[in-house]
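Residue numbers start from 1 in every chain, and the chains themselves are labelled A, B, ... in the order their sequence lines are given, proteins ahead of strands.
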Amino acid sequence: MNRYISYFRPVIYIVIFTLILGFVYPLIITMLSSVLFPVQSHGSLVFNSNGSVAGSKIIGINFTGPQYFVGRPSATNGGPYNASWSGGSNYGPTYLPLIAKIKDRTEFWRNLGIEGEIPSDLVMASGSGLDPDISLNAALLQVPLISKSRNISSVILESLVNVESNRQPAFFSGRYVNIFALNKALDNLSQEV
Amino acid sequence: MSPIDLSTDIIIIAFFMLLLTIVAYFFGRFLFSVFSGKISGTRTGIIERWIYRLTGTDPDNEQEWKEYGRDLLIFNLFGGIILFIILSIQGFLPLNPQEFGPVNPLIAINIVASFITNTNWQIYSGETVLSYLTQMSGLTVQNFLSAGTGICVAIAVMRGFTRKDTKKIGNFWVDLTRTVLYVLLPLAIIGAILLISQGVIQNFDPYIHTTGYGTAPGQILPMGPVASQESIKEIGTNGGGFFNANSAHPYENPTPFSNFLEIFLILLIPSSLPFAFGFFLQKPRQGFSLYIVMALLFLLAFSTLYGFEYLGNPAFKDMGITGIPMEGKEVRFGLLGSALFSTASTATSSGAVNTMYDSLTPLAGMVPMILILLGEVVFGGVGSGFYTMIGFVIIAVFIAGLMIGRTPEYLGKKISVFEMKMAIVTILTSGVLVLILTALALIIPGGKLAMHETGAHGFSELLYAFASMANNNGSAFAGFDGTQFFYIISGSLVMLLGRFIPILAILALSGSVAGKKTLQSGPGTLPTDSLSFIIWIILVILIIGILTFFPFLAMGPVAEWFIMSGGI
Amino acid sequence: MRNGSSCQGGFETSRKRISKVSSFDIALIRTAVWQAVKKLDLHEQKENIVMLLVELGSIITTIIFFLSLVHIESGSPLFIGLVSFWLWITVLFANFAEAISEGRGKARASSLRESKEIIEAYKISEPKPDAKGILVASRDLTPGDMVLVRTGETIPADGEVVCGAALVNEAAITGESAPVIRESGGDRSAVTGGTLVTANEIVVRITSQSGESVLDQMIAMVEGAKRRKTPNEIALNILLVSLTLLFLIVVITLQPVSSYSSTASGMGSTLPVTVLIALFVCLAPTTIAALLPAIGIAGMDKLFRRNVIALSGRAIESAGDVNVLLLDKTGTITYGDRQAVSFIPVDGVKTEDLINAAICASYADETPEGRSIITLAEKIMPCELPELNEAKFIPFSAHTRSSGARRGDTYWVKGAPDAIIHEVSSKGGIIPPDLDRKVTVIATSGGTPIVVCLNNSILGVIHLKDVLKTGIRERFVDLRRIGIKTIMITGDNAQTAAAIAAEAGVDDYLAGAKPDDKLNLIRKYQAEGAMVAMTGDGTNDAPALAQADVAVAMNNGTQAAREAANIIDLDSDPTKLLDIVQIGKEILMTRGALTTFSIANDIAKYFAILPAALAGIYPGLAALNIMNLTSPDSAILSAVIFNAIVIPLLIPLAIRGVRYRAVPAGELFTSNLVIYGFGGILVPFIGIKIIDLIIAGVPL
């Protein structure tokens, strides 16, 4: 019997550990989390008034201007902000197509009448392709454009941006805003106005 | 971007290192008590005893290094086979809402090699290929077990130096069970819950089709049991992401706090092991000095990476772009969160990324590469960092011992011919693999096609790929396409050889020193806990690394840096 | 003290050298140069893989040179030719380093060999001087054979005196011309082949096979012929060979990488083989690999110059690791004999009277103790020697344990306190009440009290004391600083031993030691993880010598002791152990220092060669030329030349050895790290720059 066991010991161990680590552990975590953090564990979803899912609070979506604040460029496969295939451009710093692309994006903002320095996050793609945030400066930069298209005063918009950015913990980086939250707040503001 | 506040960043780093040191000290102490069997006898030890009964393990029956190594290999082999089977039949198994079919056998072999070796090199994109069941009962399990294997080896090495006149270095099954039950699992549970609180997902829902908002179109949001894997991915320095974007993905790493936590979890066990070593030896200073070696190298690497990214890319400055190069970075992590994560992840064998290294400025990108090429001893992989460091220490002690006119000894163990051989195999195997395969890839027809870019940067991608695989890191200059037949096969081999050859060598070394008598130390013995010796180990590590890879680095990142600085 | 005359040497280094061989003798250099060329034979190099690979590299570049002359290979023939030339020089320098140290050994060996001609021996069948025998050649003797050696004859082989006693001149091996007594039984029975009997005749039982005598071993050791590598050397060699193979892989893989890079950048070309080989040779630890044999041979030589023969290289290196030293008190720590240091009269007796009596009692006493009493007395009371012409000497006897002199009815006796007291009281004499106290004071201080009496009245006590050898205290202080524990072994009682131990400053002592105690003590320390060294000469010491990690036998000791030991001291000076420890350390230090230096050099060589080689492909890399070397060709050539000439420049250091200082290991390490580590990084930057300036100045 002992001998029999010692031959199969590795297999028995694998089976035991697969049960504990591969089933019991994730299931316990899943159960615990659905009780403790039901919203977060299911993706921090944002719902439409009709109950359908608009998106996730923490996954970036591809807004276009000038009605809305625009997020960062995204280099995901199959078009920008493709949540089912995350990833960055993986272009090297001296890769000419990357330089060209960034130049194009810079031109884009310049053509919209933006002068002065452009924050790098606004013209460079994020690592995940799903970055939900932009830097405070990148948001402020867009205020004149939004103000023009929505006809809301820049001062109000700036304070809106500041309020939104204060919601974000920023001990690792400069201040930033969540683009989805900002744009929702913008819509709410528009309705009020 | 808002301007970077250097002084705040320095304070954060200082705080981080202080916190790490304190926690590592106590966790090291905890590791020591776990592996000296202090928990096993208590009420908490009931599951452990139950497992021994079920498997017919006699916990008091210790093994010689050969038996230890044999059981370790067999266990990993069986683990690999089971993983391969799961990958091949995932289409017929439950928890597959996206109805993914079987994984291509060639890719499956690579995944197996990658996950049992703690590399977690990913030539697939998780959200498009793998079912939930595969992720959790295949990959998550190996995340635990490959990490456990590394810790077992480290512990066996520590025992070797603690003992004398015996051939026994512990029992693999006992060490493995204790690692899993008392170290990895509790940490993973705590880590997972904390991560979920920040927004990491944990569910078995099918992918969600969203409607979008305003001008933004809808998306397909992937779901899954992410947190349970994310937390062990960091704790076990595995690094294989649930999603393609790895820890840059908001569902894996949603906030600055989760980022901080993940960095901390990556470093926790590797930085505790030197302390545990000190407790095993009953000479805490010896363990602490190894920790200092690692910590100094860590800070050096971090500052270099941070500094060169801070300097940025002149090409963009000329366009009127302000702020650090954000290509491949997430806004919420900024420079500090990205640089710290990258250093931690490549200093250890984690290879998790929250930043795309491919897009780092050349010399900043060289930092992860060098950390990996040095053999990942700057804290290093769970276990592997420690035992590789011991390999370096043996070499350092040998030359230093001669320099003071004594037959070299470390911790009272004479370093003789056998130890020398094993130490050299431990530290040089991966380097030799990197050199040979990188060159081979350039010779074989079509090998160059895997590089996304050409010239210096393309070469960096290739070099990084083999460095990462041979040292079981798993991160990549991800523009590199490793899906060619040559890379799948050579990569799998490199991962296996780079993992198990050093493991066997260091186990043999441990067995050999365990069998020796422990010599007294005194004023005539080389103090291996002195500042001079700490500097010496650092020098030895750097010199061996530089001498081996200087020409390659010169034609990769260094050349690219000059190209970048010279203007394009 | 078994052999006063040869042990008195104390700490002066040995007086006579067997042969004086200067390291830079012209003839020696000429031979070494010739040997260096002869060693180019690849078979000769197979022991030294690093240099073998360098030589193969030289051959390849030379072939390329000839091909380039006829334009089959591209590249400047001048450059390729110069590189090849210097690569050959590198190999020759390495060969030269080995040859010159071998040459010194050989010169010594041949002087030794002169005393080892084949001689005839008179082989007899039984150990009696008058036994019948036959003449045989010395090489035909086998262990167990008995030979008779008469005055003027040479002892044919190592052996043991089984009958008789003779004066033997051992100058052939010790360089000491004063003959020594060799007699059967006891601890002075061993004789060495090749030594000369100057008086009397002895029967010697041969103990060693022809070719294995001490002399043969000496010759083999100094020639380096039988030099087996020590574990340390093998381990170091493994490290060096591994690094070399690693660098070989680096340069081989560099070829396709440079090929890819030049294609990709559209500039430059694949690195030429000449440059790759130059890089390889510069990176390979040629400096230490070239000097390694020289260091080992020079170490043997250094010992030999101090008249010490190590029977294996391992023994010397172990000496460097010793952390417990067992030393016999007598002869090592103290001079063999006790000496009088003061006269202490009992109450009511004048010092002069005591001294007078002491002089009379010792007048005819020829023992060193007796002499020392007279000497001391003369010092205190000059020119007042009593008249003793008609006195009769009373010799020392074991029964009375006293000695003295008698003139008529008057007699003077001195002796051990209890013996005298017994004698006096049995004859009805009075024992002074303060005698006991005075005797005790002396005994407690580690001295020996000698009671003196005139007729039947006790006059006082002479204080005899063990005298420490000059400088021994300082030596023990040094030893303690470097972590070596000293233990004094003595047959004295604990009280005396403790006093002397304290005075000498040894860490511990073993009093009342019996032969077994030594063995047990060694085992005890070894079990605690110590490396133990001891010296010994008697047959009694043999088991302990065999057990010790480093065992030094005195040449005047017994054959058993010499066989059990791994080091033989021809001067029979037990303090030599300390020198051996130092030399052992210096050998290892020299290896470690040169290894560090050699590897540290590589950084500068990379900075010389890589920018030169790669700037064609990526012009930006020219910025790595931090030494600002003139041209790519001169940069590469400078590195190669530096790599070559550093070898002969370091030969003196390899032969002399890195000096050992008696400081704690940590301090020693720090200073060597700075000198050879950081120095090793810095020096080649300067050296290569200078060579480059010279090359640039030469119009080519």
Side-chain angles (χ1 to χ4, degrees), chain A residues 2 5 9-14 18 21-22 26 29-30 33 37 40-44 52-56 58-59 61-64 68 83-88 90-95 99 106 117-121 124 126-128 130-133 135-136 169 171-176 183, chain B residues 1-2 55-56 74-75 78-79 82 127 136-137 141 144 192 196-197 199 201-203 208 210-211 213-216 219-222 225 228 243-245 248-250 254 256 313 315 319-323 326-328 330-334 336-337 355-356 358 361 453 457 478-479 560 563-564:
Chain A
N2 253 340
I5 280 188
R9 185 172 298 143
V11 182
I12 304 175
Y13 267 102
I14 280 285
T18 304
L21 306 171
I29 297 291
T30 311
S33 65
F37 306 106
Q40 288 96 320
S41 65
H42 285 91
S44 310
S52 61
V53 182
S56 163
I58 58 176
I59 300 282
I61 49 176
N62 192 21
F63 286 102
T64 46
Y68 287 103
S84 58
W85 199 335
S86 55
N90 290 309
Y91 290 164
T94 55
Y95 187 51
I99 311 282
T106 314
E117 302 215 300
I118 296 177
S120 54
D121 59 319
M124 299 184 194
S126 66
S128 61
L130 302 172
D131 195 339
D133 309 308
S135 66
L136 180 63
F171 57 88
F172 271 142
S173 57
R175 289 171 64 193
Y176 61 93
N183 280 334
Chain B
M1 290 291 295
S2 0
T55 55
I74 293 176
F75 178 72
F78 277 111
I82 299 237
E127 60 265 50
M136 75 176 198
S137 57
V141 171
F144 275 98
I196 293 166
S197 78
I201 58 174
Q202 176 76 16
N203 57 55
I208 294 171
T210 68
T211 60
Y213 181 86
T215 54
Q219 290 165 306
I220 301 171
L221 293 178
S228 56
F243 303 114
N244 191 42
H249 197 293
N313 187 336
M319 293 180 204
I321 299 170
T322 163
M326 283 299 285
E327 186 74 24
E330 302 288 297
V331 166
R332 62 193 178 283
F333 306 142
L336 180 62
T355 300
M356 299 304 136
D358 212 341
T361 54
E453 290 165 38
H457 190 81
E560 192 190 4
I563 293 172
M564 185 186 85

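- One finds the OG1 atom of B/Thr215 at 6.0 Å from the CZ atom of A/Phe63 (value rounded to the nearest 0.5 Å).
- Proximity to chain A (any heavy atom under 4.5 Å) is restricted, for B/Gln219, to the side chain, taken from C-beta onward.
- B/Ser197 and A/Gln40 share no donor-acceptor pair across their side chains, judged by distance under 3.5 Å alone.
- Rounded to the nearest 0.5 Å, atoms NE2 (B/His249) and CG (A/Asp131) are 11.5 Å apart.
- With sequence neighbours left out, B/Thr211 forms a side-chain hydrogen bond (donor to acceptor under 3.5 Å, both in side chains) with A/Asn48.
- When all heavy atoms of A/Pro93 and B/Met564 are compared, the pair lying nearest together is CB-SD, 4.3 Å.
- Considering every non-hydrogen atom in both A/Ala83 and B/Ile220, the closest pair reads CB-O, 3.2 Å.
- Remark: B/Asn244 pairs with no residue by the side-chain hydrogen bond (donor to acceptor under 3.5 Å, both in side chains) rule, at least two apart or across chains.
- Formation of a donor-acceptor pair under 3.5 Å by the A/Glu117 side chain with backbone atoms of B/Gly323 is not found in this model.
- The contact between A/Thr106 and chain B is made entirely by side chain atoms (from C-beta outward), counting heavy-atom distances below 4.5 Å.
- Both the backbone and the side chain of B/Phe78 come within contact range of chain A, each with at least one heavy atom under 4.5 Å from a heavy atom of that chain.
- When all heavy atoms are compared, the tightest approach of A/Ser41 to B/Asn203 is O-ND2, 2.9 Å.
- Atom CZ of B/Arg332 is separated from atom OG of A/Ser135 by 14.0 Å, given to the nearest 0.5 angstrom.
- Across all their heavy atoms, B/Ala248 and A/Ser128 have their closest contact at O-CB, 3.3 Å.
- Side chain of B/Ser228 to main chain of A/Pro26: no donor-acceptor pair is present (N/O by atom type, distance under 3.5 Å, no hydrogens or angles).
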